[in-house]
Amino acid sequence: MEYNFREIEPKWQKEWAERKTYKVETDHSRPKYYVLDMFPYPSGAGLHVGHPLGYIASDIYTRYKRLCGFNVLHPMGFDSFGLPAEQYAIQTGQHPAITTAQNIARYREQLDKLGFSYDWDRMVQTSDPEYYKWTQWAFLKMFDSYYDYDRRQARPISELTALLSSTGTAGLNAACSEKLELTAEEWNAADERRKQEILLNYRLAYRADTTVNWCEALGTVLANDEVVNGLSVRGGYPVVQKRMKQWLLRVSAYAERLLEGMEKLEWSESLKEIQRNWIGRSVGAQVFFGIKDSDHKLEIFTTRPDTIFGSTFMVIAPEHDLVPELTAPAQRKQVEDYLEETKKRSERERMADTKRVSGVFTGSYAVNPFNGKELPVYISDYVLAGYGTGAIMAVPAHDSRDYAFARHFGLDIIPVVEGGDIATASYDAKEGRMINSEFLDGLDVKEAIERMFREIESRGLGKRQVNYRLRDAIFSRQRYWGEPFPIYYKDDTAYPLTEEELPLRLPEISDFRPTSSGEPPLARAKEWHTKEGYPYETSTMPGFAGSSAYYFRYMDPHNDKELVSREANEYWRSVDLYIGGIEHATGHLIYSRFWNKFLYDTGYVAEDEPFRKLVNQGMIQGRSNFVYRINGTNKFVSLGLKDGYDTQPLHVDVNIVRNDILDTEAFRRWRPEFADAEFILEDGKYVCGWAVEKMSKSMYNVVNPDYIVENYGADTMRMYEMFLGPLEQSKPWDTNGIDGVAKFLRRFWRLFFDKDGSLRVSDDKATAKELKTLHKTIKKISEDIENFSFNTSVSAFMICLNELGDCNKREILEPLLVLLAPFAPHITEELWHQLGHDSTIFDARYPAFDPNMLVENSFEYPVSVNGKMRFKKELPLGMSASEAEAAVLSDPQMEKYTEGKQVRKVIVVPGKIINVVI
RNA sequence: GCUCGGAUGGUGGAAUAGGUAGACACGCGGGACUUAAAAUCCCGUGGGCAGAGAUGUCCGUACGGGUUCGAUUCCCGUUCCGAGUACCA
């Protein structure tokens with residue numbers, strides 16, 4: 001009987017589904033383990049060979065953990081709200097729900113063919129009302145909460161109103177959009193509308209007029225992580241800054257906890273670094289500068305208070321609140337022109353010419369609180385309204401941007417730290433000795449900073465302050481295919497629906513097109529309003545809403561009373577292993593952590609971090625093939641000969657190329673214009689060139705997993721993807737090497753069956769050598785799986801097979817089957833049953849490693865002379881270092897290398913090497 | 001610009017509390033079986049030099065230094081590649 005994967009694989013996939021082999025229940029008698037994949041967005045293109053990489057790794061780990069006795073939760077679902085389905089709907093008029101359902105069915109089919117151990121009974125879909133009910137629910141909870149910095153947690157808004165009505169804002173240390181000063185009397189006297197306005201200033205989900213990233217082409221606003229280089233991540237359309245009323249989540253309130261929480265997580269340093277940079281904590285000083293002939297104070301933020309004596313002017317952002325107050329009548333025209341000009345520049349233009357210096361003088365002067373010097377106040381767009389206070393003290397000698405500005409406007413440049421040369425450039429480094437700075441002179445920069453913090457605070461000029469780069473997340477999108485907000489408006493004031501009214505279902509509409517005015521498509525649903533006729537919010541939630549807490553839903557997916565029951569949550573707690581792409585570092589992985597911490601604060605969930613260990617699989621790139629057409633002809637020249645001709649490389653479909661040899665007949669059939677192509681061959685073959693590129697249709701390098709499964713089988717596909725290289729590394733897909741893995745599985749099968757198809761497994765006792773091979777492999781495979789080094793474990797299986805020869809002993813083969821089962825579940829399940837077992841191999845016990853099996857009584861030492869390898873010497877184990885030394889020095893081979901010279905010393909490293917130094 | 005990561009045969013990659021560099025696999029070359037092909041099996045395969053040959057010998061982990069008996073691994077500098085971020089004061 002030959003290994004026939006085409007028969008075995010569908011057979012077991014069907015059995016597993018029917019027997020519900022992978023069904024998981026809460027089970028307090030076993031330790032739990034939660035393995036999660038980042039769920040996919042079901043795109044119309046289906047899966048390519050790169051997508052399953054992480055799923056295969058997580059499936060191997062899941063099955064391994066299960067064999068080790070854990071109760072493993074390993075679910076899968078679909079992130080089914082989103083832009084592409086909606087874009088498709090706009091083009092074709094087909095409802096996104098229909099295309100989404102089709103795409104999901106296709107994904108299911110492709111995933112099932114790979115033999116994953118998902119408990120499909122727990123599947124979730126973010127666009128399912130039964131699911132998004134809980135997304136809306138969480139939003140309502142955030143709407144009903146504020147963040148108390150003193151207690152470092154979210155609290156119900158009712159506590160805030162109680163506080164406001166008894167003591168006002170006195171002593172209140174809460175996250176807010178704008179600092180308010182309010183007495184209890186003022187609060188109590190305020191009308192309903194005003195009260196709601198005040199509360200919005202504190203709610204964790206709030207609505208505000210803010211500068212947003214507006215994407216005209218997509219007709220929607222975007223969050224910071226959805227915009228790269230002034231272009232939308234989806235589609236690459238230009239994005240401009242616009243002021244609009246939007247819903248936001250007060251993520252910034254959690255900045256410090258998001259930073260601290262990372263410390264105990266098992267995430268890669270590089271991922272943590274990305275999040276740290278994104279959160280962008282910086283310690284500095286808040287300082288108030290007086291304004292000459294005015295009562296106004298200008299509040300600035302600086303991380304370099306030590307350079308305050310080098311400040312020669314001030315700069316405020318064009319959007320700064322004090323712009324009108326600080327603009328002198330004589331300057332009004334220039335200032336207005338400048339504001340008009342900056343408004344017109346798109347974000348992208350602004351980024352493109354960061355070198356261009358622009359700005360305008362307000363006509364006002366600020367006063368340096370330390371030396372009374374008058375500093376002209378400028379407006380410039382190199383100062384951002386959204387960071388710090390939107391105003392800076394400019395120190396041109398020690399900040400390159402201030403330097404460029406000063407040079408452009410001919411302003412003074414006063415060095416206050418030794419080390420640079422202000423004639424050519426600013427000196428930005430935080431080291432050196434202070435000069436020109438009165439009481440700071442002679443101090444080191446670091447000492448000077450500390451000294452200034454104390455001075456500023458003791459003189460009452462300001463205080464030490466921590467600033468974060470992390471902004472609140474804009475939460476509304478002017479699109480159709482997303483979660484509706486459970487919000488309605490009464491007198492333009494937002495009110496929440498009650499929990500009982502959830503889910504608020506997405507209404508049917510026929511025209512999904514966005515509008516350039518920013519009015520969402522949902523506004524076309526004229527019949528869509530509350531019982532009393534109040535209109536609903538018509539924007540929808542962004543993509544990250546549905547993916548922020550989905551891992552809770554898997555714990556208890558059919559619960560219609562709660563997001564997750566207390567019991568299920570306390571058992572499964574949080575995700576132990578999360579596998580997915582690094583591209584979510586500043587999006588999903590921040591939002592989820594925020595969302596989780598919020599739910600933790602409110603007491604709904606047991607853990608404050610969602611993903612304990614996280615592994616980022618690398619991207620699988622495409623490996624493109626090229627043919628070389630001689631210019632002006634339909635002749636193609638092989639790679640090795642192309643230099644003799646004037647050629648142009650053309651992409652060729654990788655599916656008609658094997659081991660870089662072109663199938664010339666298939667090439668002629670490929671496209672009509674190549675039907676009469678001629679070839680200049682080398683050694684009778686046409687050799688193609690190749691390059692690593694993104695996997696994409698236009699480069700003809702897309703490999704479909706269905707094709708691999710059809711031709712090699714799922715087990716081979718799984719093992720080969722792992723064999724390709726380290727999981728976390730990006731690497732090109734190259735079908736060329738797959739034969740090695742296919743050959744391994746065929747050879748493995750032949751250990752169990754004769755040529756005539758009869759089972760050849762015997763109950764004879766295994767030899768010491770065979771047992772040694774087995775236990776060496778158990779040790780290696782277990783360590784590799786724990787380290788996610790799956791490529792080396794595949795190698796270890798191959799080495800094991802090479803060493804075993806044609807061993808047919810049950811004592812060896814049975815444990816080996818279990819070891820291999822996580823990687824190749826179908827073939828091992830089949831052989832397991834062939835060996836006479838009734839239940840699934842995944843109910844077996846993982847084989848125990850016995851170190852005694854590896855014990856040797858001698859060791860072959862490599863002997864080196866002056867660090868250079870010379871010969872090998874077999875020595876009994878347990879020999880003392882001096883005995884080993886004597887044995888090596890008396891070896892006849894030694895003479896050749898010592899050549900009569902004195903041996904200075906001998907270094908014996910037990911179990912490793914013996915080095916003789918002459 | 002700043003931050004982080006990387007560089008090993010024709011190819012993917014293995015080996016780092018410093019200890020036989022190139023495991024395993026692909027590809028390639030040679031051979032066996034076969035009418036033939038596929039499949040399978042065996043041998044060789046980093047480079048140079050010497051030798052008929054077993055073998056010997058030198059060089060070799062991007063480049064230049066250093067520490068060490070010994071460096072792919074540690075330290076300093078350089079080059080190139082990749083990722084993140086970008087007027088964040």
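Order of the sequence lines sets the chain letters (A, B, ...), proteins ahead of strands, with each chain counted from 1.
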Roughly, in whole Å, what's the span from CG in A:Asn711 to C1' in B:rA38? 15 Å
Rounded to whole angstroms, how far apart are CD on A:Glu269 and P on B:rG84? 18 Å
Identity of whatever pairs with B:rC87 - Watson-Crick or G-U, under 3.5 angstrom: none
Is A:Leu724 touching bases, backbone alone, or none of the nucleic acid, heavy atoms closer than 4.0 Å? sugar-phosphate
Would you call A:Arg281 and A:Glu256 a salt bridge, taking side-chain N to carboxylate O under 4.0 Å as the test? yes
Go ahead and name the base partner of B:rA17; Watson-Crick or wobble counts if both distances stay under 3.5 Å, otherwise write none. none
Could you tell me whether A:Glu885 and A:Lys905 make a salt bridge, using a distance below 4.0 angstrom between a side-chain N and a carboxylate O? no
Does any donor atom in the side chain of A:Ser252 or A:Tyr468 lie under 3.5 Å from an acceptor atom in the other side chain? no
Round to the nearest Å and state the distance from A:Asn736 atom CG to B:rC26 atom C1'. 7 Å
Counting only Watson-Crick pairs (N1-N3 plus N6-O4 or O6-N4) and G-U wobbles (N1-O2, O6-N3), all under 3.5 Å, who is the partner of B:rU55? B:rA50
Once you apply the 3.5 Å cut-off to both distances, tell me the Watson-Crick or G-U wobble partner of B:rC80, or none. B:rG6
Separation of A:Asp402 atom CG from B:rA89 atom P, in whole Å? 12 Å
Can you tell me how far P of B:rC26 sits from CE of A:Met798, to the nearest Å? 7 Å
Measure NE2/A:His408 against C1'/B:rC87 and give the value in whole Å, please. 16 Å
May I ask which nucleotide in the shown strands pairs with B:rG70, Watson-Crick or G-U wobble, both distances under 3.5 Å? none
Could you check whether A:Arg623 makes a cation-pi contact with A:Trp733, meaning its NZ or CZ is under 6.0 Å from the centre of the six-membered ring and within 45° of the ring axis? no
Taking any heavy-atom pair under 4.0 Å as a contact, classify A:Ile799: base, sugar-phosphate, or nothing. sugar-phosphate
What I want to find out is whether A:Lys772 reaches A:Glu856 closely enough, with some N-O distance under 4.0 Å, to be called a salt bridge. yes
pair_partner(B:rU40), Watson-Crick or wobble, both distances < 3.5 Å, evaluates to B:rA32
From the set B:rA89, B:rC87, B:rG13, return the single nucleotide nearest to any side-chain atom of A:Lys731. B:rG13
What is the distance from OH of A:Tyr468 to P of B:rU85, rounded to the nearest Å? 21 Å
Once you round it to whole Å, what is the distance between P of B:rG10 and CG of A:Leu639? 15 Å
